[in-house]
Amino acid sequence: MAPRSRRRRHKKPPSSVAPIIMAPTTIVTPVPLTPSKPGPSIDTLGFFSLDDNVPGLSQLILQKLNMKSYEEYKLVVDGGTPVSGFGFRCPQEMFQRMEDTFRFCAHCRALPSGLSDSKVLRHCKRCRNVYYCGPECQKSDWPAHRRVCQELRLVAVDRLMEWLLVTGDFVLPSGPWPWPPEAVQDWDSWFSMKGLHLDATLDAVLVSHAMTTLWASVGRPRPDPDVLQASLKRLLTDVLSRPLTLGLGLRALGIDVRRTGGSTVHVVGASHVETFLTRPGDYDELGYMFPGHLGLRVVMVGVDVATGFSQSTSTSPLEPGTIQLSAHRGLYHDFWEEQVETGQTHHPDLVAAFHPGFHSSPDLMEAWLPTLLLLRDYKIPTLLTVYSHQELVSSLQILVELDTHITAFGANPFMSLKPEQVYSSPNKQPVYCSAYCIMFLGSSCQLDNRQLEEKVDGGI
């Protein structure tokens with residue numbers, strides 16, 4: 001049976017953001033886990049939480065996408081065939097309907113259906129992102145909007161430019177690093193290393209037919225080339241932030257990637273976004289971060305994993321220098337019992353979770369608790385990321401109460417540089433994916449193997 005959690009002791013979390021530090025790793029042989037009840041989908045909770053701030057927004061989104069239910073929406077994003085008349089006659093209609101999903105008054109939260117005949121929603125002319133139902137609401141909202149208007153202008157551009165990633169017209173530049181890996185410590189050094197080769201790649205995208213078609217279809221003026229190039233760079237950091245953050249965790253936790261047969265990373269709570277558009281080459285940068293590695297497996301586990309993503313979790317040895325991506329749909333503690341403990345997949349050298357969100361709701365905390373206790377009690381090197389300093393503090397408090405041994409936490413030098421707008425609260429300060437990291441290893445009250453076995457056998 002699973003080791004039970006020790007009594008929570010309320011401790012004061014670290015009060016300041018510390019730099020990422022190096023730490024050695026130790027792993028013990030795991031013992032069997034008992035299955036837990038299925039947990040909630042963070043994608044589902046996020047979609048319906050839109051109505052908390054803007055009542056009716058979730059239904060507006062479904063309506064504009066010609067869908068009748070969230071289940072149909074999930075079916076489509078998973079690559080299935082919808083029941084209703086989902087689809088668009090042309091790119092112009094697609095972009096218009098996508099933009100319509102953002103049309104509600106940022107001040108009074110009125111949707112188009114709730115407006116009188118004399119009112120119409122118009123966007124802020126500066127950011128072209130936030131809408132108002134009239135001058136009165138826009139004027140009243142200006143003190144809040146002025147703080148984020150410039151950032152939201154970037155969001156509006158990135159939202160359209162992201163289509164080039166979806167269609168495959170913006171292919172990420174790839175190739176071995178010409179610099180020693182230890183010289184690449186953040187985005188500044190990464191961009192300096194890529195230099196002219198990256199500039200040539202971005203310039204080719206800027207003058208491509210796909211770029212011309214995109215801006216001819218969206219119904220707004222095409223920005224200047226420097227604005228578009230900056231957007232491409234932000235999108236690039238958004239895609240590469242995950243593999244480079246995994247590399248940061250492997251470095252900081254002292255994990256040897258030159259083990260015969262390869263090393264294994266489990267990404268826990270993987271979302272649909274993390275798997276639906278992920279291409280094998282997206283994780284090449286992780287390999288270039290460790291020249292001479294003997295193979296890296298990245299296994300994504302989560303209830304929202306995209307259907308079409310590879311479900312293979314073979315234990316076959318990897319060829320040196322290769323990266324294998326695979327996924328498993330389900331909860332991690334069930335995956336551990338069914339796959340890891342039965343030897344059907346490799347024991348992880350590192351476990352990572354991007355934006356687990358367990359601090360945000362009791363339901364998510366209940367779903368995450370068995371996994372957090374598993375990672376703690378089996379002393380598995382673990383890396384977590386969060387969106388903001390506020391989330392960092394809240395997550396640290398929970399981990400301290402769970403007696404985890406936090407080895408490092410702080411700002412992530414490979415955070416995404418693409419600002420993320422809070423959909424239903426457009427004037428809330430934008431956040432950045434994986435802005436902060438937390439690393440932990442085992443418990444702050446360490447048990448040796450014998451004590452762990454006694455605890456499992458005897459309980460509390």
Side-chain angles (χ1 to χ4, degrees), residues 1-5 25-41 246 249-250 253 255-257 259-271 274-275 278 283 294-319 322-353 356 366-383 440-443 447-459:
M1 61 180 291
R4 300 180 183 179
S5 62
T25 65
T26 54
I27 301 177
V28 299
T29 303
V31 292
L33 292 176
T34 53
S36 301
K37 66 179 181 179
S41 160
L246 292 181
L250 291 169
L253 288 162
I255 296 168
D256 181 10
V257 297
R259 293 174 48 190
T260 301
S263 303
T264 301
V265 177
H266 290 171
V267 178
V268 186
S271 68
E274 285 174 68
T275 53
T278 297
Y283 277 71
L294 298 183
L296 292 166
R297 301 177 193 83
V298 179
V299 185
M300 301 185 184
V301 184
V303 295
D304 293 312
V305 165
T307 302
F309 206 83
S310 170
Q311 300 292 310
S312 172
T313 53
S314 169
T315 57
S316 301
L318 294 179
E319 291 293 327
T322 61
I323 294 181
Q324 179 189 80
L325 298 182
S326 61
H328 178 89
R329 177 174 280 191
L331 295 171
Y332 187 69
H333 45 278
D334 292 334
F335 169 76
W336 183 278
E337 181 182 62
E338 298 163 5
Q339 298 284 327
V340 179
E341 292 196 338
T342 59
Q344 296 182 53
T345 192
H346 287 270
H347 189 284
D349 299 290
L350 172 71
V351 167
E366 182 180 2
W368 270 96
L369 186 58
T371 293
L372 292 173
L373 297 180
L374 181 157
L375 298 173
R376 179 199 70 182
D377 290 338
Y378 301 157
K379 301 179 184 177
I380 301 171
T382 302
L383 164 71
F440 69 84
L441 178 63
S443 170
L447 300 178
D448 60 29
N449 292 2
R450 180 183 57 80
Q451 290 173 314
L452 178 58
E453 291 171 0
E454 289 176 353
K455 190 173 185 63
V456 173
D457 293 337

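Only heavy atoms go into these numbers, but all of them, side chains included; no hydrogens, no water, no symmetry mates. For clarity, every value in this text was computed on a predicted model and none was experimentally measured.
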Within the structure provided, determine whether [X] and [Y] are in side-chain contact (heavy-atom separation under 4.5 Å).
X: V265; Y: I255; answer: no
X: L374; Y: I380; answer: yes
X: T371; Y: L331; answer: no
X: W336; Y: P348; answer: yes
X: V301; Y: V268; answer: no

Please report the closest heavy-atom contact between [X] and [Y], naming both atoms and the distance.
X: A327; Y: V305; answer: CB-CG1, 3.5 Å
X: L246; Y: L350; answer: O-CD2, 3.9 Å
X: R297; Y: L318; answer: CG-CD1, 3.3 Å
X: P370; Y: A367; answer: CD-O, 3.5 Å
X: S263; Y: V257; answer: OG-CA, 3.4 Å
X: I323; Y: Y283; answer: CD1-O, 2.9 Å

Say you draw a straight line from [atom1] of [X] to [atom2] of [Y]; how long is it, rounded to the nearest 0.5 Å?
X: L294; Y: E319; atom1: CG; atom2: CD; answer: 10.5 Å
X: T342; Y: E337; atom1: OG1; atom2: CD; answer: 9.0 Å
X: Q339; Y: H347; atom1: CD; atom2: NE2; answer: 14.5 Å
X: L375; Y: L441; atom1: CG; atom2: CG; answer: 10.5 Å

- Message: Can you tell me how the ring of H266 sits relative to the ring of F335, calling it parallel under 30°, perpendicular over 60° and tilted otherwise?
- Response: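 Ring orientation, 0 to 90° scale: perpendicular.
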
- Please check if the distance between the ring centroids of W368 and H333 is under 6.0 Å.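 Not under 6.0 Å, so no.
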
